[in-house]
Amino acid sequence: MTTWWGILILSLIGLVVWLILSVILYRQFFKRLYDIVLSFIAIIVFSPILLILTIIGAISMKGNPFFVQKRPGRRKKLSKKQCLKRNLPYGTYGDEKIIKLLKFRTMTNEKDENGNLLPDERRLNKYGKFLRASSCDELPSLFNIFCGSLSIVGPRPLLLKYLPLYNEVQRHRHDVRPGLTGLAQVNGRNAISWEDKFKYDNDYVNHITLFGDVLILLKTVVKVFKRSDISSSTSVTMEEFRGNNNSNNE
């Protein structure tokens with residue numbers, strides 16, 4: 001098997017075996033592996049753009065071009081020992097790990113005469129609108145992915161103040177790493193209701209597959225080029241989540 005066709009056959013066999021293993025063990029191992037590899041490649045490829053946007057952002061925002069905010073990350077199942085210690089059933093999830101989400105700033109820190117921040121629509125300048133429309137504001141989050149606090153695909157990390165407002169079903173969105181893009185983002189993003197957003201998030205958590213993630217990534221590329229669903233019908237971002245009308249709502 002030293003001829004070119006022999007090498008080709010062995011390569012194809014190896015590729016097929018790799019693909020089969022990726023499909024079977026995607027959630028357990030390969031998802032994180034692909035996150036590391038692809039985010040590292042993306043950081044190298046986009047490094048000139050990251051540098052340029054950092055400089056432009058510092059000028060446009062008159063200061064720090066980066067936006068760092070604490071968000072809820074993945075919550076893991078407690079060990080058997082931890083469950084026994086807390087008198088909880090085995091399989092119970094712990095609290096969410098708090099992560100620091102890194103993005104480019106899209107809004108200025110302009111304040112009124114009383115020292116309060118101006119409304120979002122007044123602080124969102126032309127440069128910020130460009131970043132959001134092109135999704136370039138998300139590029140620094142590649143470092144979150146590489147370091148493991150974020151995944152390429154998963155439920156988007158929301159605000160910490162929303163945590164007490166979730167019912168138990170909605171909180172299952174934190175059973176996996178939050179993502180740069182996700183099922184909710186390619187099915188409406190900021191233009192859909194919170195109810196639909198949580199439904200998509202939980203559907204994703206329950207059905208994570210290699211081909212599903214690839215499809216979400218392809219749809220994300222289309223969304224970015226179309227620049228669609230960036231804002232809700234009543235806000236430049238997304239309406240604030242105020243909890244459930246029914247505490248037992250699932």
Side-chain angles (χ1 to χ4, degrees), residues 27 31-32 35 66-79 82-83 85-107 116-117 119-120 123 132 137-138 140-141 143-145 147-208 216 229-232 234-250:
R27 181 166 187 155
K31 181 174 174 65
R32 178 64 191 136
D35 279 345
F66 297 104
F67 173 78
V68 181
Q69 189 176 52
K70 291 182 179 181
R71 299 286 180 94
R74 181 185 181 186
R75 61 174 188 169
K76 295 184 178 181
K77 286 185 178 180
L78 298 175
S79 66
Q82 289 172 319
C83 288
K85 187 176 181 180
R86 302 185 190 184
N87 196 27
L88 296 170
Y90 182 62
T92 299
Y93 283 89
D95 293 330
E96 288 80 359
K97 180 180 180 180
I98 305 304
I99 66 173
K100 292 183 178 180
L101 183 67
L102 180 64
K103 299 173 65 175
F104 279 124
R105 281 177 55 199
T106 59
M107 291 190 289
N116 300 314
L117 287 173
D120 290 355
R123 293 189 293 122
R132 290 193 177 191
D137 60 318
E138 306 279 2
S141 296
F143 293 98
N144 287 114
I145 297 172
C147 294
S149 58
L150 213 64
S151 182
I152 295 176
V153 181
R156 283 291 294 169
L158 302 176
L159 300 177
L160 284 178
K161 66 180 182 179
Y162 294 165
L163 280 177
L165 305 179
Y166 298 146
N167 59 36
E168 188 53 38
V169 174
Q170 292 166 344
R171 199 177 174 192
H172 277 301
R173 70 190 308 278
H174 297 137
D175 293 351
V176 298
R177 283 188 181 88
L180 188 64
T181 185
L183 192 60
Q185 276 58 51
V186 298
N187 283 284
R189 196 177 175 181
N190 290 332
I192 60 175
S193 68
W194 280 106
E195 182 180 8
D196 288 337
K197 189 186 293 286
F198 287 129
K199 181 181 181 300
Y200 282 124
D201 287 343
N202 282 332
D203 284 347
Y204 176 78
V205 170
N206 295 326
H207 304 95
I208 295 178
I216 289 172
D229 305 325
I230 298 169
S231 304
S232 71
T234 59
S235 172
V236 294
T237 52
M238 177 70 186
E239 290 94 348
E240 185 175 340
F241 178 60
R242 301 184 185 281
N244 304 280
N245 293 327
N246 183 346
S247 61
N248 296 319
N249 178 34
E250 296 186 357

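Put simply, the side chain of Asp201 never gets that close to the backbone of Ala184: no donor and acceptor are under 3.5 Å apart. Under the 3.5 Å distance criterion, the side-chain polar atoms of Lys31 are matched with a main-chain donor or acceptor of Val153. No side-chain donor-acceptor contact under 3.5 Å links Arg156 to the backbone of Thr181.
Rounded to the nearest 0.5 angstrom, Gln82 CD and Leu88 CG are separated by 10.0 Å. Distance CD/Gln170 to CD/Glu195: 9.0 Å, rounded to 0.5 Å. Note that CZ of Phe241 and OH of Tyr162 are 8.5 Å apart. Values are rounded to the nearest 0.5 Å. Annotation: the span from Asn187 atom CG to Asp196 atom CG amounts to 9.5 Å, rounded to 0.5 Å. Annotation: the span from Gln185 atom CD to Leu180 atom CG amounts to 9.0 Å, rounded to 0.5 Å. Once rounded to the nearest 0.5 Å, the distance linking NZ of Lys70 with CG of Leu160 reads 8.0 Å.
Residues Pro157 and Pro72 approach most closely at CB-O, 4.1 Å, considering heavy atoms. Pro155 and Tyr204 make their closest contact through CD-CD2, 4.0 Å (heavy atoms, listed as atom of the first residue, atom of the second, distance). Residues Leu78 and Tyr93 approach most closely at CG-C, 4.2 Å, considering heavy atoms.
Counted within 6.0 Å of OH on Tyr200, heavy atoms from surrounding residues, nucleotides or ligands total 12 or fewer; the atom is thus considered open. Applying the 6.0 Å contact sphere to NZ of Lys103 captures more than 12 heavy atoms from other residues, nucleotides or ligands.
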From CA spacing to verdict: side-chain contact (heavy atoms from CB on, under 4.5 Å), Lys161, Glu240: CA-CA 10 Å; Lys161 66 180 182 179; Glu240 185 175 340; 3.2 Å; yes

Intermediate values then yes/no, side-chain contact (heavy atoms from CB on, under 4.5 Å), Ile98 and Arg71: CA-CA 6 Å; Ile98 305 304; Arg71 299 286 180 94; over 6 Å; no

Chi angles and distances behind the side-chain contact (heavy atoms from CB on, under 4.5 Å) call for Leu158, Trp194: CA-CA 11 Å; Leu158 302 176; Trp194 280 106; 3.6 Å; yes

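Of the residues listed (Val176, Asp95, Asp175), the one engaging Arg75 in a side-chain contact (heavy atoms from CB on, under 4.5 Å) is Asp175, and it is the only one. Across Arg74, Arg173, Arg171, a single residue satisfies salt bridge (Lys or Arg N to Asp or Glu O under 4.0 Å) together with Glu96, and that is Arg171.
Side-chain contact check for Lys77 versus Thr92: every heavy-atom pair is 4.5 Å or farther apart. For the pair Pro178 and Ile99, the minimum side-chain heavy-atom distance is below 4.5 Å. The shortest distance between side-chain heavy atoms of Asp203 and Leu183 falls below 4.5 Å.
Among residues two or more places apart in sequence or in another chain, the side-chain hydrogen bond (donor to acceptor under 3.5 Å, both in side chains) test is passed with Asp35 by Ser151.
Note: Phe198 and Tyr166 have perpendicular aromatic rings, judged against thresholds of 30 and 60 degrees for the angle between ring planes.
Checked against the 6.0 Å centroid criterion, the rings of Phe67 and Phe104 do not qualify as a close aromatic pair.
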